[in-house]
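Encoded as C-alpha cells, the structure appears first; notes follow it.
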Amino acid sequence: MRMVFRWFGEGNDTVSLAQIRQIPGVEGIVWSLHDLPAGEEWPLYRMQEIRRQAEEYGFHIEVVESVNVHEDIKLGLPTRERYIDNYIKTVERLAQVGVKVICYNFMPVFDWIRSNLHEPLEDGSTALFYEKAKIESMDPAMLVRLINENPAFTMPGWEPERMKRLPELFEAYRHVTEEHLWDNLKYFLQRVIPVCEECGIKMAIHPDDPPWSLFGLPRIITNRENIRRLLRMVDSPYNGITLCSGSLGVNPGNHVADMVREFAGRIPFAHIRNVRLYDNGNFIETSHRTQDGTIDICGIVRAFHETGFAGYVRPDHGRQIWEEQCRPGYGLYDRALGIMYLWGLWDSLQRQKEADT
C-alpha cells in the first residue's frame, strides 16, 4: 500500500506541502491542473512545475486526479475526436513527468452529488451529507448554487464555467441511455488505452458518486457487474478502476471487500472513506474509523492486504474538525487522522502475517 494525499495546488489549497510532509508514510501527492477546462491539452511546463514543487518536499506526482473527460466524448458527438486527441497528448506528456495512474470519471454533467457540505455530526464536526428526498425534489440549478456557494474553495467536478451550460447539457443528454454511455466509454478507452500501454500509465475510472441515476442522467459505474463489464470490454491491465469505498459503499448491495478481492489485479488506485447509511436513503460521511460508519473499513483494508495490494491509496473525504477553515471534505486534520487509522490497520495485519510465517 502506497499512501498519497490529494493536494489542489499552490494558492488553491489551505493545506500546504510542508504540512502534508509531516503525515507519516505519505510518499506522493494526488494532483491536477484544476484551472484548465475539460478537453484542453495540458502544457508540459505546467506539469513540470507541479513536479518541481512536489519534489522540493520529497513527494512524487505519480497519480493524477483528474484528467476530466469532455462532455462531447460522453455524448459521442463528432467533435469528440478533437477532445480525445487532446486527451492522448496529455497522457503522453504526463508520462514525461513520471505519472503512473490517471483517475477519471464518466459521469454525465455532474460529478459527486451532496445536499449539504457542512452537515453537523454528534461530536460537533461537520461532513458532506446526502439527503435523498431533498436531492430528488431539487432543481439542478439550485444544486449547482449550493455546491459553489463559497467561491473561495472551488469544488472538483463543479467548475462554474461548465455549470453555466446546464440547460444545454441536459438537453444534449435527453435521449442518451445507459447503453449509449457504455458505447461512448468503450470508444474512448479503445482510443486511449493503447497509448497508455505505450506510456506505462494506467487509467483508473472512479465509480459514480452516488452509484445511481439522478436527474434523469444515466450512470453506469455503479456495481460489481458493471465493473466486470468495464474491465472486459477493453481487457488490458491498463484499463482499471479507482476502488472508492465511499462511492460504492452507499449502495448496501455493494460488498466492497469482495470487489477488492475480485478486481485486485485491476485496482491501481483506491479511495478509502467511511459513510453512515440511513434507512430512508440518506447518508453522511464520517471519520475513517469502522465503528463510526456503516462501511467495513477494517474488512476492506484486510482484503487489500490479503491480495498483496501494492497500488496507491489515499484517505478520501474527511470531516471538518477543530474549527479548520478548508475546502469541504479536504481539510488536513481528519484526513491525517484517517491515514493513521489506515496505517494502524495495515501494520497490524502485516505484524500478524509475519507472526504466522
Subject >> Donor-acceptor side-chain pairing of N105 and D208 below 3.5 angstrom >> reply: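 Note: N105 and D208 side chains miss the donor-acceptor criterion.
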Subject >> Any side-chain donor near an acceptor of the partner, Y57 and S16, under 3.5 Å >> reply: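 Their side chains do not contain a donor-acceptor pair, so the 3.5 Å distance test is not met.
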Original post:
Which value, rounded to the nearest 0.5 Å, describes the distance between I300 atom CD1 and M259 atom CE?
Top reply: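 One gets 10.0 Å once the value is rounded to the nearest 0.5 Å.
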Original post:
Do the ring planes of Y83 and H70 sit parallel (below 30°), tilted (30 to 60°) or perpendicular (above 60°)?
Top reply: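 Plane angle under 30°, so parallel.
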**OP:** May I ask you to decide if the ring planes of H317 and Y330 are parallel, tilted or perpendicular, using 30° and 60° as cut-offs?
**Re:**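 It falls in the perpendicular class, over 60°.
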Pair [X] + [Y]: basic N to acidic O under 4.0 Å:
X	Y	value
E179	R229	yes
E62	R2	yes
R52	E49	yes
K89	E92	no

Original post:
Side-chain contact, heavy-atom cut-off 4.5 Å: L248 with C244?
Top reply: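 Not touching, per the 4.5 Å side-chain cut-off.
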**OP:** Among E71, K74, H180, find the residue that satisfies the side chain to side chain donor-acceptor pair (under 3.5 Å) test when tested with Y173.
**Re:**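 One option only clears the test, and that one is E71.
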Original post:
Using a side-chain heavy atom cutoff under 4.5 Å and only I, L, V, M, F, W and Y, what cluster partners does Y45 have?
Top reply: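 Hydrophobic cluster check, Y45: no partners found.
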**OP:** Step through the shown structure and confirm whether more than 12 heavy atoms of other residues, nucleotides or ligands are within 6.0 Å of CE on M233.
**Re:**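 Check passes, neighbour count above 12.
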Original post:
Should the heavy atoms of other residues, nucleotides or ligands under 6.0 Å from CD of E323 be counted, would the total exceed 12?
Top reply: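 No, the 6.0 Å shell around CD holds no more than 12 heavy atoms from other groups.
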Original post:
So, is the end of the R327 side chain (NZ or CZ) under 6.0 Å from the ring centre of F8 and within 45° of the ring's axis?
Top reply: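 Judged by the rule, R327 and F8 form a cation-pi pair.
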Original post:
Think R93 forms a cation-pi with W42, using NZ or CZ under 6.0 Å from the six-ring centre and within 45 degrees of its axis?
Top reply: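 Not satisfied by the 6.0 Å and 45° rule.
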Please output the side-chain donor-acceptor pairs of residues 263-273 that fall under 3.5 Å, not counting sequence neighbours, one pair per line with the distance.
residue : atom : partner : partner atom : Å
R266    : NE   : S236    : O            : 3.2
R266    : NE   : N239    : O            : 3.0
R266    : NH1  : D235    : OD1          : 3.2
R266    : NH2  : L231    : O            : 3.1
R266    : NH2  : S236    : O            : 2.9
R266    : NH2  : N239    : O            : 3.0
H271    : ND1  : H206    : NE2          : 3.3
H271    : NE2  : E65     : OE1          : 3.1
H271    : NE2  : R314    : NE           : 3.4
R273    : NE   : D316    : OD2          : 2.7
R273    : NH1  : E285    : OE2          : 3.2
R273    : NH2  : D209    : OD2          : 3.1
R273    : NH2  : S247    : OG           : 3.4

Original post:
Would you say the side-chain atoms of N274 pair up with the backbone N or O of R289, donor to acceptor, closer than 3.5 Å?
Top reply: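 Answer holds: yes.
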Original post:
Hey, do the aromatic rings of Y87 and F188 have their centres closer than 6.0 Å?
Top reply: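 Yes, the ring of Y87 comes within the 6.0 Å limit of the ring of F188, centre to centre.
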Subject >> Proximity of F215 and F110 rings by center, below 6.0 Å >> reply: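 They qualify: ring centres under 6.0 Å apart.
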**OP:** Test D123 against R319 for salt bridge (Lys or Arg N to Asp or Glu O under 4.0 Å), laying out the working first.
**Re:** CA-CA 11 Å; D123 59 9; R319 302 165 297 151; 2.8 Å; yes
